[in-house]
Each structure stands twice: as C-alpha cells, then as structure tokens.
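This report refers to the structure that appears directly beneath it.
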Amino acid sequence: MVQAINLALHQEMEKDDRVIVLGEDVGKDGGVFRLTEGLVQKFGEERVMDTPLAESGIVGVSIGMALYGLRPVCEIQFSGFSYQNLHQIENHASRLRRRSQGRLTVPMVLRAPYGGGIRALEHHSESREAFWAHIPGLKMVIPSGPRNARALLISAIRDPDPVIFYEPKAVYRAFREEVPEEEETMPLGKSQTVQEGKDITLISYGAMMRPTLEAAQELKEKDQVEAEVIDLLTIMPLDDELFTASVKKTGRALIVHEAPKSFGPGAEIASRIMEKSFFHLEAPIARVAGYDIVIPLFAREDAYLPNVQRIVRAARQVLSS
Amino acid sequence: MPRKEIKLPYKLERLSILDEKGKLDKSLEPDIPDELLLKLHRAMLAARRFDERLLNLQRQGRIGTFAPITGQEGAQLGAVANLRPDDWMVPCFRETAAEIWRGKTMDNAIIYFGGFDEGARPEDERNDLPIAVPVGSQTLHAVGLACAMKYRRKDTVVMTFFGDGATSEGDFHEAMNFAGVFQAPVIFVCQNNQWAISVPRSKQTRSETLAQKAFAYGMPGIQVDGNDVLAVYAAVKEAVERARAGEGPSFVECDTYRMMMHTTADDPKRYRSEEEVDEWRGRDPITRFQKYLKAKKLLKDTDIEKLEQEIKGEIQSAVDRAEALMKKLGDPLDMFSHTYAEIPPHLAEQKEELSQVLTSDKQEANHG
C-alpha cells in the first residue's frame, strides 16, 4: 500500500502542477512510513514542503493554498496528532464553500495513518474516523488495500471538496497486490461488494477488511454460510444504497470496525439499515468493534482489536437468532 | 568564553507621525496623494457612521450580534489602503471598515449580520476571505495564500488582520513561524485594541510589546500609533513593499482602542473604566486626521457637513436595499446548498424531508 500511495502521488504531481505535498518529514526523509519517498528529489522543495512541526499550521496553510487554487495534499504524521488541526478542518475547510455560497472552495486532502496493529507508541493507534464523518462538508475515505488506496487517493486529490484520507497503517506493508501502471480512479462515496453471498452481510472497511474476509472464509468452510462482504471505502458520505440492498437480500447484518463502539460508524450504518431495510431483517444487527476505552498499549492491543474469532462468533449469533 | 551577548539584527521602533492634537512630524510625513488622503478620510467617516447605524439596527432588533469597529478606523484603513485590488485580505471579525474599502458592499454586511449566509459571499471581483470568527485561525490561511502566490511567481501580497487576543493563540504563532520559514509575502496587521472581551492586554501577554514577537520568527516588527492613520499607512507601506519585493513577512502592531463593546452581546462597563475610554476618546483617529487635512487646506468644515449628508444617504440606501433583500431571502431549503460541490444522496434525502415538513406546516397553518 505504501508503494501504491507513493505511485499515486508521483503520478498526480506529474500530471498537475497544482498538487503540493506538505507535512512533517515528508521531504528528505520521505515520510516516517516512506509514503512520500522520492517526491522531493523529483519535484523540489517548493512542491514537497517539509514544514515546521505544527499540525494546525499544516492544515491552515493548506486551506490557504487550496483557496488560491492549488491542490494541497498534507500529511499528518499520525492521526492521533490531528486534534490540533481538527478545528481548522471543522471551522474552515469544511465550511468555506457554504460560507461563501460556493465562491470559495477548499479542494485539499488530509492524509493520515490511523488505527492499531503495529505495536506503536501511545497516541499512535486511535481510530477516530467518526470525528471527521460527523463534520458536514467533508468527505472521509478509508482504503483497505494497495489498489483501492491508489485509485481513491487520486480521486480524493481531484475532488472539489476537502477529503480526509485515513490510511490503515496495519495494511501499509501487510500484503501485496498488483497495481496497474496506468491510471486508475474510483468514485468517492461508493462502496464495493468484495464477496457475494446470501446468508449474512458483513460490512467493514480499512484494516478490518482482512479479518472480516478471513471470517467470511471460515464461515464458508465450517458453517457452509455464504456471507456477502462489503468494503465501505468511503465513510462519509455513506453508500447506504449498497449495504441496505444487500441486507434486503440476506436479512442479516454484522458491522466490523476497530473504532470504539459507541457513536462509531457502526451505529450510523445500523440506523440506516433500520430506516431502509427493517422489514427484511431476520435478526438484530450486530457490531464487532473496539471497546469504549483508551486503546491499550501494545501488550494488550490484540485483545482490543476485533479479530477473526470475534467476527465469526458474532456472525454465528446473528445467524442463529 | 563564558557569557556573551548574542547580537540580534532587530531593533524595535514605535512610529507616530500625527499626534493627538493634530501636530505633524514633517520629517516623517508620508507622501500620499491628496486624492488618496481624502478617500481615506471619507472611508473613515463612512465606517464610523455605518458602525453607529449598525448598532442602532441591532438595538432595534433588525439585525443580530456584530462587532463594532469605532475607534479602529485609522488602523484598518491606513493598513488596507496599501493593497492593490489583486492582493488578498484575510480579516478577522472586526474589519468592516477594511472590508468596505476592499469592495464589500454595506448591503452584504447588513445581510450577514442580519443572519443570512449570503452576506458572507465575497463579491466576484474581490479576492478576500470572509470574516473569521475563531480567533487567530485565519492567519494561517493568509500564509497559505501567500505561499501559493510565491509558488505561482506573483508579485501580489496578503494582508491579515487580528487583535491582541489572537497573539495568545497557537495558530497565530504557527502562522508567524510558517511565514518566516517559507518567506511568505504576508503582512500581519495586529490591531491591538487593548481588550480581548474583558481581558486587558496586560493579562494577554507578559511581553512589553506585541511587535517584538515578530523577532522570534525572524521577521521585522514595528509598533505604530494605531490611531494615527498616517503612521499606520507609512509602516504598512514598508511592509507591503518588502513582501512584494520577495523579502518576506512583516508584523505591524497598531496600538489602538476599541471604543465600544466587544460585540453587541457584551457590556464593557463590567470590566473597564469610563476614564480609560474618555482618555482614548481624546485620541480619536478621525478628528486628528481632520485637523491635519484642514491644516493642509484639503478640507473645510462645510466639506465635512456635505460629506456627512452624503454618507447618511448612502447608508440609508444600503439599509433599504438590504432589508428588502432579506425579505426575499430565507428559503430554508437553501441551507442545503453549497455543503458539497454536488449534493450527496443522504443530503438530498434530508432536503426532501425538510421540504415535506415545510409543506405540511403550511397546510396545517392554512387549515388552522
């Protein structure tokens, strides 16, 4: 995924001189996860800006650049450091279009690695996508693998609205996938059915797609259950058309995310299913999620994060009720 | 080799050209064409009268809360008069005078304070950003705009306004720091009006001046008598020229005073003395400037009377137009516009839902 995102940045910067990359350590160092490697050598310090260590500054300056017609792609080193810039996004980036009645727009992308699973330091493993998804005027995108990460990032850069692009860092180097050299884009706001099935709908995104797919495989092998698996890809706006149609077909739904359960994306998804597919439901909607606690240090991280066993068990419960 | 003084390339100055009594320091008098001097005077007077009229409208419940600018006309207009139309201005929320100078219509100001988002839309020919309410947050947008101009090899500059309170905010420091590091063509204009709501300047910072903060970020800083429009003009002119010549950002502290309340929702009598306000009344930027213009034989009392009448008519027309327009605005469904470039399905659904609510309300009202 690291290479795929890097490829997207290279190709998009080559194509469009409005694209500027800025953030902490994105230049010489190529980013702490090497996402921006090689960019400064190719495009120079004017377009790949190593900034002072100041998250609100990075985002506020990106807003100004976007208002001038550039396409800034800023990197926040870890999503846990985004709280310092949350107010710039909430107070300005997300609403300048509205406030100026369409006269001013903020076509920027905020990239940040998020989530657990890599035994990182404190404040490096949170999954707070609901914060962003709750802000009107923003789009919130989370890819799950190299190919969709590359395609979605290009679409995010070209999108006329501000996009928060969360990268599941547990997936950065977890597996390989063929990514075509030629350009590929994916529409924002659309989810994907990654596996068809008729018995239960499993809805997930980001790093949780891996255990969700493994759980689907186990359900098939051990329980002869055909699960339909949906990868959300965009958290805001939600593609409820896809998952509510799926639930109409299967009658059962299980949502999987690593964000804390309360007020998490699963709550919104469950509500939409209730609103749009209630009479097709054959069992209560279930959620497998992170607990409503501070994500523990890495010794207990595995117990915190949803895993295949938890997903399989929850799915069996939904299937048996 | 123990302790040694580190020589810094900065010295701090305070600039004052026209004193409270209208006495001029000839050696510092800026070379401003008569026409611009008169334009500045007219704008200051119009801003004062407009402010008074807004307060009157607010007290009558015809508009909502707003932040009066009385007392700060010299600081705002002396600064912004240095900009070209293709430069950008990034205001905070107390720059009505500067905004009108830049081409914002009084109509739009009234509409905005009257509660309609439409009033925040910058006119098409105007580059400036809408007002920013979160204190200090806008200074970063100015730096981003300036970085983008530099990248595009433009000779335009950005001027951003903020108050003494903003210098306590992290965003202000981040903006100054970014501007210094990237040598962005930004002019930071601080209107130190002595009060951040009820907190005095002395409780905002322990530093002797606000201007000296510039040095920590590697840019020149200067303090000026903010009620002396000539001094503000001259100091900001230097800063604009520096920025335009690619020599980076500057900081100008305008030492001025907010004569009225923070916003119409607060009562300054709770926290400051009448004596203090009276003292500043004696330093009024408009009367001082009028003395100067009269001494220069550019202005007579009869001219001022005529001007007052003109301005009164102008404001009245703006009020009439704005109030007529506000009667026509206000379709609640408009609030769904401009959230995204294209309305996503969930918002289209919510808009439809409100539309049905409104229809039912209307039907019930008709039958009731």
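A, B, ... follow the sequence lines: proteins, then strands. Residue 1 opens every chain.
A distance-only check finds a donor-acceptor pair linking the side chain of Y340(B) to the backbone of L138(A) [under 3.5 Å].
Contact of the E123(B) side chain with the R103(A) side chain is not registered, since no non-hydrogen atoms from C-beta on lie closer than 4.5 Å. Contact of the H346(B) side chain with the L238(A) side chain is not registered, since no non-hydrogen atoms from C-beta on lie closer than 4.5 Å. Between K139(A) and P344(B) the shortest side-chain heavy-atom distance does not fall below 4.5 Å. Two residues are said to be in side-chain contact when any heavy atoms from C-beta on lie closer than 4.5 Å; S337(B) and R98(A) meet this criterion. Contact check for P136(A) versus F336(B): no side-chain heavy atoms found under the 4.5 Å cut-off. The shortest side-chain heavy-atom distance between V61(A) and F182(B) does not fall under the 4.5 Å cut-off. Within the 4.5 Å cutoff, no side-chain heavy atoms of Y68(A) are placed close to those of Y151(B). Side-chain contact between P122(B) and L104(A) is present, with at least one heavy-atom pair separated by less than 4.5 Å.
Looking at D17(A) and R152(B), a side-chain N of the basic residue comes within less than 4.0 Å of a carboxylate O on the acidic one, giving a salt bridge. A salt bridge links K276(A) and E349(B); the closest N-O separation between the charged side-chain nitrogens and carboxylate oxygens is under 4.0 Å. Electrostatic pairing of E46(A) and R153(B) counts as a salt bridge here, judged by a charged N lying under 4.0 Å from a carboxylate O.
Summarising the local packing, NZ of K154(B) is surrounded by 12 or fewer heavy atoms from other residues, nucleotides or ligands at distances under 6.0 Å. Heavy-atom contacts from other residues, nucleotides or ligands closer than 6.0 Å to CZ of F278(A) number 12 or fewer. Open room surrounds CD on E45(A); 12 or fewer heavy atoms of other groups in view lie less than 6.0 Å from it.
Annotation for F178(B) and G57(A): closest pair CZ-C, 3.6 Å, computed over non-hydrogen atoms. Summarising the geometry of M49(A) relative to C147(B), their closest heavy-atom pair is CE-SG, 4.4 Å, with the distance given to 0.1 Å.
Taking P52(A), P237(A), P160(A) one by one and counting their heavy-atom pairs under 4.5 Å with chain B, the maximum is reached by P52(A). Between chain A and the residues G119(B), S137(B), P130(B), A179(B), the most heavy-atom pairs under 4.5 angstrom are made by S137(B). Heavy-atom pairs under 4.5 Å with chain A were tallied for L129(B), V133(B), L347(B), V158(B); the largest tally goes to L129(B). Ranked by non-hydrogen atom pairs under 4.5 Å with chain B, the options I20(A), D239(A), V59(A), L22(A) are led by I20(A). By number of non-hydrogen pairs under 4.5 angstrom with chain A, the leading residue of K150(B), M335(B), R121(B), E342(B) is R121(B). Chain B forms more heavy-atom pairs under 4.5 Å with one residue of R99(A), R47(A), E241(A) than with any other, namely R99(A).
Within the 4.5 angstrom heavy-atom criterion, only backbone atoms of D50(A) (N, CA, C, O) approach chain B. Interface remark: E275(A) contributes no atoms to any contact with chain B (heavy atom separation under 4.5 Å). For I131(B), the parts lying near chain A are the backbone and the side chain together; criterion is any non-hydrogen pair under 4.5 Å. In this structure, the portions of A341(B) lying under 4.5 Å from any heavy atom of chain A include both its backbone and its side chain. Proximity to chain B involves both the backbone and the side chain of L67(A), based on heavy atoms less than 4.5 angstrom apart. When heavy atoms are compared at a cutoff of 4.5 Å, T160(B) does not approach chain A at all. If you measure heavy-atom distances from D124(B) to chain A, the contacts under 4.5 Å come from both the backbone and the side chain. Proximity to chain B (any heavy atom under 4.5 Å) is restricted, for M236(A), to the side chain, taken from C-beta onward.
Interface with chain A: from residues 138-146 of chain B, residues L140(B), H141(B), V143(B), G144(B), L145(B) qualify, criterion being any non-hydrogen pair under 4.5 Å.
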Please report the C-alpha distance between D117(B) and Q101(A) in whole Å, then the side-chain angles of each, then the deciding distance to 0.1 Å, and finally whether the side-chain contact (heavy atoms from CB on, under 4.5 Å) criterion is met.
CA-CA 7 Å; D117(B) 306 56; Q101(A) 302 284 297; 3.4 Å; yes
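Residue pairs meeting the side chain to side chain donor-acceptor pair (under 3.5 Å) criterion with at least one member in residues 161-179 of chain B, sequence neighbours excluded, are S56(A)-D171(B), H87(A)-D171(B), Q88(A)-D171(B), S168(B)-Q204(B), H173(B)-Y217(B).
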